[in-house]
Amino acid sequence: MNMLTIIKLVHTCIWMFFNAIIIYLFYATVSNNIGKWVFVCIGIILTEGLILLCFRGKCPLTLLAKRYGDSTKDNFDIWLPNWLAKYNKLIYTTLFAASVILLIWRLSTNGK
């Protein structure tokens with residue numbers, strides 16, 4: 001297995017992990033099932049955001065993958081359709097923001 005394939009495998013697994021976190025967070029806030037795991041998920045996602053910020057909006061795995069390939073496609077470093085790789089941050093940032101807004105609303109109106 002070459003290095004780019006290993007990076008794609010690891011990157012795709014990490015993407016699936018963050019997918020599960022964001023979907024859980026969205027479900028928990030919509031269903032008003034807010035517990036400690038909601039805040040753990042938010043912490044994990046904010047940590048990812050800080051990492052992306054430190055690397056100027058690029059995933060460190062993408063930067064590493066560029067050493068092993070010269071493709072300009074958005075999905076060269078992950079097993080996703082190109083359109084999803086291209087709009088990944090926009091889609092999941094929107095879902096995360098909607099979840100946090102709903103969480104704030106739920107917390108401010110609970111018990112009233």
Side-chain angles (χ1 to χ4, degrees):
M1 194 177 320
N2 70 30
M3 193 59 158
L4 186 56
T5 301
I6 293 169
I7 292 168
K8 286 177 88 159
L9 177 63
V10 170
H11 202 183
T12 303
C13 289
I14 292 170
W15 179 85
M16 289 171 33
F17 171 75
F18 277 103
N19 241 349
I21 288 174
I22 290 174
I23 289 168
Y24 169 77
L25 180 61
F26 187 75
Y27 167 78
T29 55
V30 167
S31 65
N32 200 19
N33 188 15
I34 298 163
K36 72 176 179 179
W37 290 110
V38 166
F39 299 99
V40 169
C41 290
I42 289 172
I44 292 169
I45 294 168
L46 290 176
T47 300
E48 179 198 23
L50 285 173
I51 291 168
L52 291 173
L53 191 62
C54 289
F55 286 91
R56 297 183 180 151
K58 298 282 186 190
C59 176
L61 289 173
T62 300
L63 299 174
L64 181 62
K66 286 185 185 237
R67 295 180 186 175
Y68 301 99
D70 58 358
S71 176
T72 58
K73 288 186 174 184
D74 293 300
N75 67 344
F76 86 98
D77 62 331
I78 192 166
W79 283 310
L80 294 176
N82 198 58
W83 68 267
L84 183 54
K86 182 176 184 175
Y87 296 109
N88 188 47
K89 290 177 196 154
L90 176 64
I91 292 166
Y92 291 103
T93 299
T94 302
L95 271 174
F96 177 69
S99 299
V100 170
I101 290 167
L102 183 54
L103 174 63
I104 292 168
W105 180 76
R106 294 259 190 225
L107 292 175
S108 68
T109 61
N110 273 353
K112 291 183 180 179

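Values below: all heavy atoms of this structure, side chains included; hydrogens, waters and symmetry mates excluded.
- For Thr12, the side chain to side chain donor-acceptor pair (under 3.5 Å) criterion is met by no residue, not counting sequence neighbours.
- A single hydrophobic cluster is seen to contain both Phe17 and Leu64, as judged by linkage of ILVMFWY side chains at heavy-atom distances under 4.5 Å, directly or through other members.
- Here the CG-CE distance, from Leu80 to Met16, works out to 10.0 Å after rounding to the nearest 0.5 Å.
- Considering CD1 of Ile22 and CD1 of Ile45, their distance stands at 4.5 Å, rounded to 0.5 Å.
- To the nearest 0.5 Å, the span separating CG on Asn19 from CG on Leu95 amounts to 9.0 Å.
- Annotation: side-chain contact (heavy atoms from CB on, under 4.5 Å) contacts of Tyr27 (sequence neighbours excluded): Ser31.
- Under the side-chain contact (heavy atoms from CB on, under 4.5 Å) criterion, Leu102 pairs with Thr29, Val30, Trp105, Arg106, sequence neighbours left out.
- Applying the side chain to side chain donor-acceptor pair (under 3.5 Å) definition to pairs two or more places apart or across chains, those involving residues 78-91 are Trp15-Asn88.
- To the nearest 0.5 angstrom, Phe39 atom CZ is 14.0 Å from Ile44 atom CD1.
- How far CD of Glu48 is from OH of Tyr92: 11.5 Å, rounded to the nearest 0.5 Å.
- Residues Ile14 and Leu25 share a single hydrophobic cluster, defined by chaining ILVMFWY side chains whose heavy atoms lie under 4.5 Å apart.
- For the side chain to side chain donor-acceptor pair (under 3.5 Å) condition, the pairs that include at least one residue of residues 54-63, sequence neighbours left out, are Thr62-Asp77.
- Looking at residues two or more places apart in sequence or on another chain, you find a side-chain contact (heavy atoms from CB on, under 4.5 Å) between Tyr24 and Ala28, Trp37, Val38, Cys41.
- Both Ile104 and Leu107 belong to a common hydrophobic cluster when Ile, Leu, Val, Met, Phe, Trp and Tyr are linked at side-chain heavy-atom distances under 4.5 angstrom.
- To the nearest 0.5 angstrom, Ile78 atom CD1 is 9.5 Å from Cys13 atom SG.
- Residues satisfying the side-chain contact (heavy atoms from CB on, under 4.5 Å) test with Asp70, not counting sequence neighbours, are none.
- Tracing side-chain contacts under 4.5 Å through hydrophobic residues (I, L, V, M, F, W, Y), one reaches Phe18 starting from Leu46; they form part of the same cluster.
- Of all heavy-atom pairs between Leu4 and Phe76, the closest is CD1-O, 4.1 Å.
- Residues Leu61 and Met3 fall within the same hydrophobic cluster, defined by Ile, Leu, Val, Met, Phe, Trp and Tyr side chains chained together at heavy-atom separations under 4.5 Å.
- Take Asn32 and apply the side chain to side chain donor-acceptor pair (under 3.5 Å) test, not counting sequence neighbours, and it matches no residue.
- In this structure, Ile23 stands alone, with no Ile, Leu, Val, Met, Phe, Trp or Tyr side-chain heavy atom under 4.5 Å from its own, directly or through other members.
- Other residues sharing a hydrophobic cluster with Phe55 under the 4.5 Å side-chain heavy-atom criterion for ILVMFWY residues are Ile51, Leu63.
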